[in-house]
Amino acid sequence: MTEASRYRPELIESRWQQAWADQGLDRTPENDGGKTFYALSMFPYPSGNLHMGHVRNYVITDVIARSARMRGHRVLHPMGWDAFGLPAENAAIERGVEPGDWTDRNIAAMRLQLQQLGLSIDWDRELTTCHSDYYRWTQWLFLQFLEAGLAYRREATVNWDPVDQTVLANEQVDGEGRSWRSGALVEKRQLRQWFLKITAYADQLLDDLPKLAGWPERVRTMQANWIGRSSGTELDFELVDGQGQASGESITVFTTRADTVFGVSYVVLAPEHPLVKRLTTPDQATAVEAFCDLVSRQSEQERTAEDSPKRGVPIGAMVRNPATGALVPLWIADYVLAEYGTGAVMGVPAHDQRDFLFARRYELPVRQVIIPEGSDEHAYAGGAWTEAGILIHSGRFNGLSSAAAKKAITAAAEAEGWGRGKVQYRLRDWLISRQRYWGCPIPVIHCESCGVVPVPAEQLPVELPRQVAFSGKGASPLAQLEEWVNVACPCCGQPARRETDTMDTFMCSSWYYLRYSDPHNRSLPFERSQVDRWLPVDQYVGGIEHAILHLLYSRFFTKVLRDRGLLGFDEPFSRLLTQGMVQGITYKNPHSGKYIAPGDVTDATDPRDPKTAEVLEVFYEKMSKSKYNGVDPASVIDRYGADTARMFILFKAPPEKDLEWDDADVEGQFRFLQRLWRLVEAAANRDLRLEATAAAGPTPFSDLSPAERELRRAVHTAISAISDDLSGDYQFNTAVSELMKLSNAMGEHLEAASPAVANEALATLLTLLAPFAPHLAEEFWQKLGGSGSIHRQHWPVADPTALVRDTIPLVIQIKGKVRGNLEVPADADKATLEKLALESEVAARWLEGKAPSRVIVVPGKLVNLVP
RNA sequence: GCCCACCUGGCGGAAUUGGUAGACGCGCUGGGUUUAGGUUCCAGUGGCUCAGGUCGUGGGGGUUCAAGUCCCCCGGUGGGCACCA
């Protein structure tokens, strides 16, 4: 092989990337009313280095965008940066760099890496959430929520690090309740925090899930679980005083088991319930206070572990069961959560496992009021019967089934004024306050006389001050910037103070996909005409780790903005592809628990720790620095080029499954591209010129040689299969394998084919290859004299006449088992097929002259003879 | 505990939706070319096998002329939610 004919991706890729940029090939077309397609990857946090998970994500989206373009869509394929967040602030604390500078440097480095992948991204629409031309509109949208009554402040329990004197996010508190930074035991503190009222949209967010037919079932299920709607009943238990006199006040409990109300033996409040202090009788005050103190010092983990003992104390007060009129004691207990339902539950030990454990511990009565259907009234068996059944000892409701009783009791409660049907959600309002510097400032001002005053829209953005001092301690640096904090109230002009909390970064990422439709707008976050034209996103691609939060928040934003008249659709993402993670080969010493770098493993087929000579565990796991199993995308591109990396990633596994990175398979993929290189080289040496094809027109079928017919069949089979793989349910792995099959067929038949047929095959192969290996496809296209860029070519359409065969192999089955094949005319009818099958050698041998009792004929496929 | 997904050769994975299981690739085996090696080309590659068959898609049962695919039971792996009343 001569030097000139070797495939050298490093000589090709950067050249084409430059050429495409110069030609503006990836620019989003003017939207002149043609069919649009919006292909979107979840935007990255600019950590500074690209990892394989990113590569997989963006390559998948790029193939989708490129093939949509070739099919004649006007494609929007943008990229941006989710650029606020803790790592920048930590870099500032640890290394004294300015978070904004650190972030911008990372973005520059990562943008370069992305460009080396040959992604057809419209960089003119790039956005960065930490730049004020973006976060200005995040603030503007916050004010929309505020105006709509969907943003509010209230006291909330937060994690407080007493050493660093700062609030921590839940993720920054480890399993033992210690701060990730200081190691101090985290305290619970009550602080006034900003919330978005996502619960107001809980119903819609749940009810619209079935509309998302283009989403993976499991993501919809996860969201449904997260929202956690449960229908039940609120029941009012009236407070009575020591003399049994009604006080006129009542405790409301939420239950999904109204049918068990006759079995209530006590009522429990959460220790944090606001009424606890007031209702506690003097004789119980000490015990109650001690218990509340104990609970407040428990970590979330201890508190919510399922096997933790259920503990509590009676507070001395009594309540009346509205169904029976009986008096039962009021308790507080650690197993009742203040945040869910009404913060109060009725205790029915016979029919709830937790209540049962609690009752046993404190010797409270157990009253059975449900028996299994079909059983007689039976002796109490111990434990809690939590299934549905038939009511007993329940007065007028005796004999009803649980389901009927829930309805009847709820109806009675409503009629008689002691309860009501109620839908309850697990979903809580979204706490967006962060006591952090590197985030989008919440645009409000606190004024002593006017209260919370929104920053007027024309004064946005509230700029995040730069060059602040980081100590890593105390509240956010913002709170210490007196010249920033102190402002005049926009309302009354009196001295006032800025809000110093910033927003959760999920706020920034909840609307970025809208901004791409109109990224340079200086008077609005986006023009409605633009957003309505491009959205909803046709295909969203990203990791499963965002299945709940980001996707739920984005859906919430979309619905709110729709209700504000800012856009005209209900759901932001029509189709969602959750790509699997990229795993690296991992070596671990099972005894020491240490991970070993692959380079330190001497023999991968019998991997032993080089030092201890112990056998290592070998498995695939998500790439991570600490496990020494990562593969750097840059090194792969250096060695094999972006096209090989792209092809390998697409071929190795279906997109939604985990991908096991395997160097041998990367090699294999590189070999495939080299084979193509030689194929095209040979064609160029034959002087095949693609432009000749169109002029000559298709060769009539009857003029084709058998080899040419084979070749054309392979070409059009590939068109049909790959087109299929790229529409709807994306199957890039089989699409790549179809490319391999086509190239195999071309290797076999191309030489014997006329220039017209050979050119058709070459042009088709290159066009089909273009979305997957864009550089190489373009290089080949130019080498063979194709006009313009291959990426402006139309996607080929399969010619059905090329798929026609004269004869087909007919499968002969005897009683469902394959016994042979028979070459038969492709257009033979059922009767002919039956006749041919019965006359076949196979039939003669297996039927031994007897006529079959039954014959099943599937034209084009098989004949099944049943003796 | 509740919910979801998945389980196919040595490995990653195919299988027009009930119709020839194992496409395509990796790996492996044998051979040719070149050679110092790699590259490259050809052939083979699920198990058993008396070479005709026979078994085979986590296990067991069922429906059907025909089951990886549909139904029932069981097991395993991964994931989500979880003291949510």
Side-chain angles (χ1 to χ4, degrees), chain A residues 1 6 216-230 232-233 253-257 260 268 270 303-310 333-337 339-348 351-355 357-358 386 424-428 544-545 547-548 605 620 647-648 651-654 656-669 671-672 674-675 678 720-721 724 731 733-744 747 809-821 845 852-858 860-867:
Chain A
M1 200 185 296
R6 268 187 59 212
E217 176 68 38
R218 67 177 177 141
V219 174
R220 288 186 281 163
T221 313
M222 280 161 72
Q223 292 214 348
N225 282 345
W226 185 265
I227 295 167
R229 175 157 68 190
S230 68
T233 309
V253 304
F254 174 74
T255 180
T256 55
R257 293 298 305 272
T260 65
V268 205
R303 174 92 185 263
T304 58
E306 201 163 350
D307 51 2
S308 76
K310 282 113 187 75
D334 55 3
Y335 75 94
V336 177
L337 307 172
E339 300 274 319
Y340 186 75
T342 59
V345 302
M346 60 186 205
V348 187
H351 303 293
D352 181 280
Q353 190 56 32
R354 295 154 301 184
D355 296 346
L357 294 174
F358 191 74
T386 58
Q424 198 56 245
Y425 300 92
R426 206 194 67 90
L427 182 71
R428 312 283 167 78
I544 186 76
E545 66 273 20
I548 297 175
T605 56
Y620 282 94
M647 293 283 284
F648 163 75
F651 177 63
K652 176 72 184 179
E656 65 285 348
K657 288 191 66 175
D658 289 346
L659 182 154
E660 298 173 355
W661 190 274
D662 180 348
D663 290 334
D665 283 325
V666 181
E667 257 331 314
Q669 204 52 240
R671 278 205 296 270
F672 171 58
Q674 283 176 306
R675 268 202 302 281
R678 285 192 295 274
S720 140
D724 227 48
Q731 301 186 70
N733 54 330
T734 51
V736 173
S737 83
E738 290 296 332
L739 287 170
M740 291 171 168
K741 281 192 222 175
L742 175 56
S743 110
N744 289 345
L810 181 75
V811 171
I812 313 276
Q813 291 185 339
I814 308 294
K815 201 167 179 275
K817 292 206 183 267
V818 179
R819 295 301 181 188
N821 272 307
R845 193 167 131 224
S853 64
R854 203 170 156 189
V855 180
I856 292 107
V857 182
V858 184
K861 285 210 175 80
L862 58 82
V863 174
N864 188 8
L865 305 172
V866 185

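So you know, we letter chains A, B, ... as the sequences are listed, proteins then strands, and number each from 1. Any value given below was found using the heavy atoms of this structure, including those in side chains, with hydrogens, waters and symmetry copies removed.
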From C-beta outward on [X], which listed nucleotide comes closest to its side chain: [options]?
{"X": "A:Arg675", "options": "B:rG25, B:rC24, B:rU20", "value": "B:rG25"}
{"X": "A:Asn733", "options": "B:rC84, B:rA23, B:rG13", "value": "B:rG13"}
{"X": "A:Ala664", "options": "B:rG12, B:rC26, B:rC4", "value": "B:rC26"}
{"X": "A:Asn225", "options": "B:rC3, B:rA82, B:rC65", "value": "B:rC3"}
{"X": "A:Ser737", "options": "B:rG13, B:rA85, B:rA23", "value": "B:rA23"}
{"X": "A:Met740", "options": "B:rC81, B:rA85, B:rC24", "value": "B:rC24"}
{"X": "A:Gln813", "options": "B:rA14, B:rG12, B:rG19", "value": "B:rG19"}
{"X": "A:Lys657", "options": "B:rA85, B:rG25, B:rG13", "value": "B:rG13"}
{"X": "A:Thr734", "options": "B:rC84, B:rA14, B:rG13", "value": "B:rA14"}
{"X": "A:Arg354", "options": "B:rC84, B:rU40, B:rC41", "value": "B:rC84"}

Would you mind reporting whether [Y] and [X] have side-chain heavy atoms less than 4.5 Å apart?
{"X": "A:Ile812", "Y": "A:Val818", "result": "no"}
{"X": "A:Gln669", "Y": "A:Val736", "result": "yes"}
{"X": "A:Leu865", "Y": "A:Arg819", "result": "no"}
{"X": "A:Thr256", "Y": "A:Gln424", "result": "no"}
{"X": "A:Leu357", "Y": "A:Gln353", "result": "yes"}
{"X": "A:Phe648", "Y": "A:Leu659", "result": "yes"}

Checking base pairs now: Watson-Crick or wobble, both atom distances under 3.5 Å. What partners [N]?
{"N": "B:rA15", "result": "none"}
{"N": "B:rA23", "result": "none"}
{"N": "B:rU69", "result": "none"}
{"N": "B:rA51", "result": "none"}
{"N": "B:rC81", "result": "B:rG1"}
{"N": "B:rU40", "result": "B:rG32"}

Distance check, [atom1] atoms only: [N] and [M], in whole angstrom units.
{"N": "B:rA23", "M": "B:rG46", "atom1": "P", "answer": "8 Å"}
{"N": "B:rU69", "M": "B:rG58", "atom1": "P", "answer": "8 Å"}
{"N": "B:rA67", "M": "B:rA43", "atom1": "P", "answer": "34 Å"}
{"N": "B:rU33", "M": "B:rG38", "atom1": "P", "answer": "15 Å"}
{"N": "B:rC28", "M": "B:rG79", "atom1": "P", "answer": "32 Å"}
{"N": "B:rC42", "M": "B:rC26", "atom1": "P", "answer": "13 Å"}
{"N": "B:rG22", "M": "B:rG68", "atom1": "C1'", "answer": "11 Å"}
{"N": "B:rC55", "M": "B:rA21", "atom1": "P", "answer": "13 Å"}

Would you indicate what [X] reaches in the nucleic acid, counting non-hydrogen atoms under 4.0 angstrom: base, sugar-phosphate, or nothing?
{"X": "A:Val811", "result": "base"}
{"X": "A:Pro216", "result": "nothing"}
{"X": "A:Lys861", "result": "base"}
{"X": "A:Arg819", "result": "sugar-phosphate"}
{"X": "A:Val858", "result": "base"}
{"X": "A:Glu656", "result": "nothing"}
{"X": "A:Arg229", "result": "nothing"}

With a 4.0 Å limit, can you tell me whether [X] has a side-chain N or O closer than that to the phosphate oxygens OP1/OP2 of [N]?
{"X": "A:Asn744", "N": "B:rG25", "answer": "yes"}
{"X": "A:Arg671", "N": "B:rG25", "answer": "no"}
{"X": "A:Asn821", "N": "B:rU20", "answer": "no"}
{"X": "A:Arg218", "N": "B:rG79", "answer": "no"}
{"X": "A:Lys652", "N": "B:rC26", "answer": "no"}
{"X": "A:Arg257", "N": "B:rC84", "answer": "no"}
{"X": "A:Lys817", "N": "B:rC55", "answer": "yes"}
{"X": "A:Gln731", "N": "B:rA15", "answer": "yes"}

N/O donor-acceptor pair under 3.5 Å between A:Arg257 side chain and A:Thr386 backbone: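 Yes; at least one donor-acceptor contact below 3.5 Å.
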Donor-acceptor contact below 3.5 Å, side chain A:Gln223 vs main chain A:Ala547: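 The answer is yes, because a donor-acceptor pair under 3.5 Å joins these two groups.
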Base orientation of B:rG47, syn vs anti, 90° cut from 0: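 Here the answer is anti: the torsion falls beyond 90° from 0.
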Distance-only donor-acceptor test (3.5 Å): side chain A:Lys310, base B:rC83: yes
Side-chain donor/acceptor contact of A:Asn864 with base of B:rC65 under 3.5 Å: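 Per atom types, the contact qualifies.
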Closest contact, heavy atoms only, A:Thr342 versus A:Phe254: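 In terms of heavy atoms, the two residues are closest at OG1-N, 3.6 Å.
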First encountered from the 5' end of RNA chain B, between A:Arg428 and A:Trp226: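 Counting from the 5' end, the first nearest nucleotide belongs to A:Trp226.
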Residue whose closest nucleotide on RNA chain B lies nearer the 5' end, A:Asp658 versus A:Glu217: A:Glu217
Nearest-angstrom distance from the residue atom OH of A:Tyr425 to C1' of B:rC81: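 In whole Å, B:rC81 C1' lies 18 Å from A:Tyr425 OH.
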Nucleotide B:rC11, atom P - distance to OH of A:Tyr620 in whole Å: 12 Å
